[in-house]
Amino acid sequence: MLNVHSPLDMHVHLRQGDMLNLVAPYTARDFAAAVVMPNLTPPVTSLAQVLDYRQAILRAVGESFTPLMTLFFRAYSRAELLEARPHIIGVKLYPAGMTTNSEDGPADMDEARATLAIMEELGIPLLVHGEGCGFVMDREALFLPVVEDWARSFPRLRIVLEHVTTRAGVELLDRFDNLFATITLHHLLITLDDVLGGLMRPHLFCKPVAKRPEDRDALRRAALNHPKAFFGSDTAPHPLEAKEASGCAAGIFSAPVALPALAGLFEELGALDRLQAFVSDRACAAYGLTPIPRQVRLERRAWIVPERIGCVTPYLAGQTLAWQVAG
Ligand code: NCD
Ligand code: ZN
């Protein structure tokens with residue numbers, strides 16, 4: 001038995017419409033709150049959209065769950081951000097074309113600076129999909145100089161490097177006090193070999209792509225030990241026909257297994273006592289959040305992950321997990 005206080009998933013895609021109603025209850029079941037990504041169609045670029053989307057989420061899951069909302073990065077005025085500030089946890093920046101529904105993001109990172117300066121002044125964190133144009137395995141590394149430049153130029157802007165996948169990305173955390181990172185479950189478990197080394201596994205295909213064993217090891221060390229690294233699943237469901245297609249959509253639907261699989265991994269690493277820090281405490285410290293008074297209980301009782309949840313194949317489908325969320 002293991003109690004987690006105020007478990008937080010600091011990066012989720014809850015989608016819209018029927019998909020929202022299908023997937024959001026899994027996040028709400030296991031987490032007190034989650035940071036909700038704004039890459040909808042159309043993207044969430046106004047306070048009115050934030051409030052509508054928040055209502056849609058609460059209708060899908062009920063009130064015991066707190067959606068922490070984000071705006072999709074564009075050039076915002078100070079007045080817009082001032083008005084939105086009480087309703088958002090941050091602004092998410094997607095470099096144009098780097099992942100699902102990112103086409104409306106900035107193509108030139110210098111164009112972002114004016115809005116970043118306003119965010120710094122208003123104390124609004126930046127969440128960033130840290131990939132630049134280039135060879136797919138190098139995209140995170142290619143973007144790190146931009147992160148460095150922003151972290152240095154805007155020392156009071158809190159920057160979260162979302163779903164960090166490389167050792168170099170993790171190492172950057174030690175160079176800037178204002179830089180933080182989320183780490184996914186799947187990047188703690190797989191490397192590119194699992195995706196492409198044998199049969200090609202579309203349900204393990206995501207952005208950023210899983211990297212090398214030494215990167216995964218660095219992510220594991222950070223998940224266990226780094227005070228500025230915390231959990232963000234990047235659960236990103238796509239319908240089966242979009243995944244098992246000649247052009248496979250990027251994204252892994254991990255919400256139904258996130259907390260149990262993390263418990264299994266931390267147990268394997270002899271670090272179950274550090275799960276609480278990874279899935280809640282460090283995120284609260286980074287964002288200045290007050291923990292939400294909700295406790296989730298994990299039981300060491302085996303279960304088999306279903307092959308299908310509605311039209312979506314969950315991460316670890318068909319596998320037996322040692323832990324499950326009680327009740
Ligand atoms: C995400 C999605 O499908 O929205 N896909 C993914 O592979 N992670 C977008 C993202 O976070 O990159
Ligand atoms: Zn994401």
Side-chain angles (χ1 to χ4, degrees), residues 8-17 19-20 22-24 26-27 31 34-44 53 57 67-73 89-106 125-133 136-137 139-140 142-143 160-166 169 180-190 192 194-196 200-211 219 230-245 247-255 257-258 283 311-315:
L8 305 173
D9 186 339
M10 300 305 282
H11 184 136
V12 302
H13 298 271
L14 297 183
R15 309 301 195 207
Q16 297 154 277
M19 187 64 103
L20 167 66
L22 175 71
V23 303
Y26 289 93
T27 294
F31 295 93
V35 175
V36 181
M37 292 298 130
N39 62 331
L40 307 185
T41 44
V44 179
Y53 189 29
I57 294 165
L68 302 166
M69 306 304 293
T70 59
L71 275 171
F72 188 101
F73 188 96
I89 189 162
V91 177
K92 174 70 185 285
L93 188 149
Y94 292 93
M98 279 300 135
T99 188
T100 310
N101 295 343
S102 64
E103 294 71 23
D104 293 322
L126 171 72
L127 290 64
V128 61
H129 183 110
E131 290 195 289
C133 294
V136 68
M137 285 289 279
R139 283 180 196 167
E140 185 169 291
L142 286 166
F143 196 81
V160 184
L161 178 57
E162 294 295 331
H163 41 53
V164 63
T165 59
T166 59
F180 303 84
T182 57
I183 302 178
T184 73
L185 166 67
H186 50 275
H187 291 117
L188 291 171
L189 293 177
I190 65 171
L192 192 64
D194 298 288
V195 190
L196 294 176
M200 199 254 277
R201 301 291 181 188
H203 298 290
L204 299 183
F205 176 60
C206 66
K207 297 293 179 64
V209 293
K211 304 288 189 312
L219 298 178
F230 44 88
F231 181 58
S233 69
D234 196 17
T235 178
H238 292 277
L240 188 68
E241 66 270 18
K243 293 294 289 177
E244 298 185 0
C248 165
I252 296 176
F253 177 42
S254 57
V257 299
C311 61
V312 191
T313 298
Y315 183 43

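Just the heavy atoms: all of them, side chains too, but no hydrogens, waters or symmetry mates, feed the values below. In each ligand, atom 1 is the first atom listed, and ligand 1 is the first ligand listed.
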For the atom pair OG (Ser233) and CZ (Phe253), what is the distance rounded to the nearest 0.5 Å?
-> 9.5 Å

Using a 4.0 Å heavy-atom cut-off, say whether His238 meets ligand 1 through its side chain, its backbone, both or neither.
-> side chain

What atoms of ligand 1 come within less than 4.0 Å of a heavy atom belonging to Asn39?
-> 2 (C), 4 (O), 9 (C)

Just which atoms of ligand 1 are under 4.0 Å from any heavy atom in His13?
-> 1 (C), 4 (O), 9 (C), 10 (C), 11 (O)

Separation between OH of Tyr53 and CG of Leu40, rounded to the nearest 0.5 Å | 4.5 Å

Which of His187, His186, Glu140, Lys207 passes side chain to side chain donor-acceptor pair (under 3.5 Å) with Thr165? It is Glu140

Heavy-atom nearest neighbour in the protein, as seen from atom 8 (N) of ligand 1, with distance rounded to 0.1 Å | Asp234 OD2, 2.7 Å

Give the contacting part of His163 toward ligand 1: side chain, backbone, both or neither, where contact means a heavy-atom distance below 4.0 Å.
-> side chain

Among all protein heavy atoms, pick the one closest to atom 7 (O) of ligand 1 and tell me residue, atom and distance.
-> Lys207 N, 2.8 Å

In terms of heavy-atom contacts, Lys243 and Ala249 come closest through NZ-O, 2.8 Å

Begin with the C-alpha distance, continue with both residues' side-chain angles, and end with the deciding distance and a verdict on side chain to side chain donor-acceptor pair (under 3.5 Å) for Thr41 and Asn101.
-> CA-CA 7 Å; Thr41 44; Asn101 295 343; 4.7 Å; no

Let me see the working for Leu219 and Val164 under side chain to side chain contact (heavy atoms under 4.5 Å, CB included), right down to the final yes or no.
-> CA-CA 8 Å; Leu219 298 178; Val164 63; 3.8 Å; yes

Find, among atoms of Asp234 that are N, O or S, the one nearest to the Zn ion (ligand 2), and state its name.
-> OD1

Ser102 side, atom OG; Lys92 side, atom NZ - distance, nearest 0.5 Å = 9.5 Å

Polar contact flag for Thr100 and ligand 1 (N/O pairs, less than 3.5 Å) = yes

With a cut-off of 4.0 Å, which atoms of ligand 1 are near a heavy atom of Gly251?
-> 5 (N), 6 (C), 7 (O)

In ligand 1, the atoms that come under 4.0 Å of a heavy atom of Cys206 are 7 (O)

At the Zn ion (ligand 2), what is the angle formed between atom NE2 of His13 and atom NE2 of His11, rounded to the nearest 10°?
-> 110°

Part of Met37 within contact of ligand 1 (heavy atoms, under 4.0 Å) = neither

In ligand 1, the atoms that come under 4.0 Å of a heavy atom of His129 are 12 (O)

Give yes if a backbone or side-chain nitrogen or oxygen of Tyr94 is under 3.5 Å from a nitrogen or oxygen of ligand 1, and no if not.
-> no

Polar atom proximity, Ala250 to ligand 1 (N or O, under 3.5 Å) | yes

Got a second to check how far His203's NE2 is from Ile252's CD1, nearest 0.5 Å?
-> 10.5 Å

How far is atom 10 (C) of ligand 1 from its nearest protein heavy atom, and which residue and atom is that?
-> Thr99 OG1, 3.3 Å

With Val36 as reference, evaluate Thr70, Asp9, Val44, Ile57 under the side chain to side chain contact (heavy atoms under 4.5 Å, CB included) test and give the passing residue.
-> Ile57

Numbering the atoms of ligand 1 from 1, which are under 4.0 Å from a heavy atom of His11?
-> 11 (O)

Can you tell me how far the OG1 atom of Thr100 sits from the NE2 atom of His13, to the nearest 0.5 Å?
-> 7.5 Å

Have a look at ligand 1 and work out which part of His186, if any, has a heavy atom under 4.0 Å from it: side chain, backbone, both or neither.
-> neither

Between OG1 on residue Thr99 and NE2 on residue His163, distance to nearest 0.5 Å | 6.5 Å

